[in-house]
Amino acid sequence: MNTNGKKPKKPLIFYYLIAAAVLLLLNLTIVPQYMGRQFKEVDYGTFLSMVDGGSVKQAVVENNTVRFIAEDENGNNINYKANIVSNSDLSNRLYEAGVRYGQDVPEEMNPMLALLLSWILPLAVLLIVGRMISRRMGGMNTMSFGKSGAKIYAEDQTGKTFADVAGEDEAKDALREIVDFLHDPKKYAEIGASLPKGALLVGPPGTGKTLLAKAVAGEAKVPFFSISGSEFVEMFVGMGAAKVRDLFKQAGEKAPCIVFIDEIDTIGKKRGGGFEGGNDEREQTLNQLLTEMDGFDGNKGVVILAATNRPESLDKALLRPGRFDRRIPVELPDLAGREAILKVHAKNVMLSDSVDFNSIARATQGASGAELANIVNEAALRAVRMGRSSVCQEDLEESVEVVIAGYQRKNASISQHEREIVAYHEIGHALVAARQSNSAPVHKITIIPRTSGALGYTMQLDEDERFLMSKDEAFNKIATFTGGRAAEELIFGSITTGAANDIEQATRLARGMVTRYGMSESFDMTALETVTNQYLGGDTTLMCSPETAAKVDAEVVSLIKKAHEKAIGILKADMDKLHELAGYLLEKETITGEEFMKILNE
């Protein structure tokens, strides 16, 4: 049942079937009729020869013209006509030849009617059906080629202001000047200052770049044009450039306004790479964008904002002064920023008095604004599942674990022996961390399997926000990563695949110490590795000879081996506590950092 009062849209196949039925009807009815009424003109002598040859079957005379039907060499009936030179004995001649005279010969069709039926009518049918299909697809037709397709928000339609953006105070401060200019451009014109034409928002995914752009438009109360870089990419060369021209034409008509291009790296990649002619459309679109940014007057109040998480891939011409003058970082939020973001997203959520956003913010170091919003939503959904009318601290803590490690696998069938291995493994991590001076405190230990594949995990939380890590802290962290495997070796005398993620993280950190952080005595402060795609995973590339790379590998192996030996030494010295804590964890399945430290310090 349709409840919104609108007719449901029919599928495209419906319109294709209509077009096929109409064309089939034309071919089966009207077309054969008028095709049969087209006459091939011959001279009178040929007509008489055909009569004498016996190929003429029917004939009719009107005025000075004879229309007749004759067989060709294949036995097919063909319509003919001829101008009569003399018909004194024509009737007798036709009678003697056995021609049916004056019967069943169709009249010749008017040429204008033939044109109408053969060309105009089928074309009209196709245009009508095409129009129906284009409306079904959202109004796209041939007349829309070259149109930008940008979403245009009026002054009060973005619905966002700087109050809706938390955790990005530096970015907001950099954009407030743009808002002030759009409010009062005369103030800047009088002193001779011109506003930067464009501002580039760069940062990891989910940090709120698009939200910031909408907030700028909402604060300035000006129209907001929003378009994605991928919408400029077309199959036909030149269409992307036409869309750019149309976008800037519309923006000029509605100035002052803001034009926001999301994911600009789609069309703004560096030129010159690849094969010649392989990227004509993308390069023409970029060239048109560069031209348009040079061509409009910045004092009119057209401000261009763009967002990307791959700034290193952008063409240098796009970043020069006069185009995107300002580069505004939109980084991952710090501790205070995460707490503010959580409060913003929890404004419309019913919260209990026990909620402590500070502890949740400390547990989500490295989370983006989008991930924090997801955490609040997951907590609200969990509260509903539990039958509560408000979100409590437990819901938020569980939602953090859901985002980090996935949902609990309540029906997972794990043998008692494997549960013991997981318990000793996790206590090994926690015990090594607790017995080292420069290590984050243990917050939670669990052996409940998660949908991410983890059979358990140990969560550590720094008491304060940390931006730097010393060499000792990095080494201790590697030792903590190896603590789980070390516990398995000591207790069971064998090793399992459970340490795969620990090994990966320990190797990454150890390699970074050697190649990027200058924490190796062998290589001192030499940069041996470079980071690419800083905001998209931070992949690294070695910048050294094969001989040096072999030495780097040896240094990394030595570093991890030393940390592993340190972890084994710590666990050997605390074997009684290792057994006691592992037994307690097996019984409870999940223990807090306070419970862990209480047993450890008894």
Side-chain angles (χ1 to χ4, degrees), residues 140 144-152 175 178 194-205 209-210 212-213 216-217 224-255 257-298 300-330 532-536:
M140 184 185 72
S144 69
F145 284 160
K147 300 294 184 183
S148 69
K151 296 177 183 177
I152 306 174
L175 291 169
I178 294 176
S194 59
L195 189 73
K197 289 184 180 179
L200 185 66
L201 304 174
V202 298
K209 297 183 289 295
T210 305
L212 268 171
V216 171
F224 180 71
F225 290 77
S226 177
I227 190 168
S228 172
S230 60
E231 294 181 50
F232 289 111
V233 180
E234 291 283 353
M235 179 175 65
F236 303 107
V237 175
M239 287 297 103
K243 285 188 173 186
V244 172
R245 287 192 295 271
D246 181 69
L247 174 63
F248 279 87
K249 179 183 176 183
Q250 292 184 63
E253 293 171 353
K254 293 188 177 290
C257 64
I258 291 174
V259 177
F260 176 62
I261 305 175
D262 201 5
E263 305 296 346
I264 194 173
D265 51 274
T266 307
I267 58 170
K269 289 181 182 177
K270 295 175 182 176
R271 292 167 291 181
F275 298 101
E276 289 297 326
N279 293 314
D280 280 350
E281 166 62 1
R282 182 181 62 78
E283 290 195 4
Q284 283 194 25
T285 305
L286 173 57
N287 291 337
Q288 188 64 46
L289 178 61
L290 298 174
T291 303
E292 293 291 341
M293 291 187 71
D294 276 342
F296 73 87
D297 183 5
K300 288 183 178 179
V302 179
V303 176
I304 304 169
L305 299 179
T308 182
N309 41 41
R310 298 185 60 194
E312 71 283 347
S313 69
L314 295 179
D315 194 280
K316 296 298 181 185
L318 201 60
L319 303 176
R320 72 157 177 81
R323 288 177 181 145
F324 284 106
D325 307 78
R326 291 188 177 179
R327 176 168 166 164
I328 301 174
V330 187
T532 56
N533 293 334
Q534 176 187 355
Y535 298 121
L536 294 174

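Values below: all heavy atoms of this structure, side chains included; hydrogens, waters and symmetry mates excluded.
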message: Run the side chain to side chain contact (heavy atoms under 4.5 Å, CB included) test on I304 and M293 for me, step by step, so that the C-alpha distance in whole Å, both residues' side-chain angles and the decisive distance to 0.1 Å come before the verdict.
response: CA-CA 9 Å; I304 304 169; M293 291 187 71; 3.7 Å; yes
query: Where do D265 and S313 land on the side chain to side chain donor-acceptor pair (under 3.5 Å) test, with the steps shown first?
result: CA-CA 7 Å; D265 51 274; S313 69; 5.2 Å; no
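What you find for F324 and L305 is that their closest heavy atoms are CE2-C, 4.5 Å. Counting all heavy atoms, side chain and backbone alike, L247 lies closest to I227 at CD2-CG2, 4.1 Å. Heavy atoms only, all atoms of each residue included: A217 and F224 are closest at CB-CD1, 3.4 Å. In terms of heavy atoms, T266 sits closest to R282 at O-CD, 3.5 Å. The two residues V202 and P311 come nearest to each other via the heavy atoms CG1-CB, 3.8 Å. For the residue pair F260 and A213, the shortest heavy atom distance occurs at CD1-CB, 3.4 Å.
Checking side-chain atoms of R323 against main-chain N and O of A317 turns up a donor-acceptor pair under 3.5 Å. When atom types are taken as modelled, the side chain of R310 and the backbone of I264 share no donor-acceptor pair closer than 3.5 angstrom. Distance alone, capped at 3.5 Å, is enough to place a donor-acceptor pair between the K209 side chain and the G203 backbone. Panel note: side chain E231, backbone S228; a donor-acceptor pair is recorded below 3.5 Å. Looking at K243, its side chain never comes within 3.5 Å of a backbone N or O of T285 through a donor-acceptor pair.
Residues E292 and Q288 have side chains that bring a donor and an acceptor to within less than 3.5 angstrom of each other.
Each of I267, L290, L200 was scored for a side chain to side chain contact (heavy atoms under 4.5 Å, CB included) with L318, with one residue passing: L290.
Between V259 and V303, every side-chain heavy-atom pair lies at or beyond the 4.5 Å cut-off. Side chains of I258 and F225 form no contact here, defined as non-hydrogen atoms less than 4.5 Å apart.
Note that CD1 of I328 and CG of L201 are 5.5 Å apart. Values are rounded to the nearest 0.5 Å. We find the CG-OG1 distance between D262 and T210 to be 4.0 Å, quoted to the nearest 0.5 Å. Summarising the geometry, atom CD belonging to Q284 is positioned 13.5 Å from atom CG belonging to L289; distances are rounded to the nearest 0.5 Å.
Under the side chain to side chain donor-acceptor pair (under 3.5 Å) criterion, N287 pairs with R271, not counting sequence neighbours.
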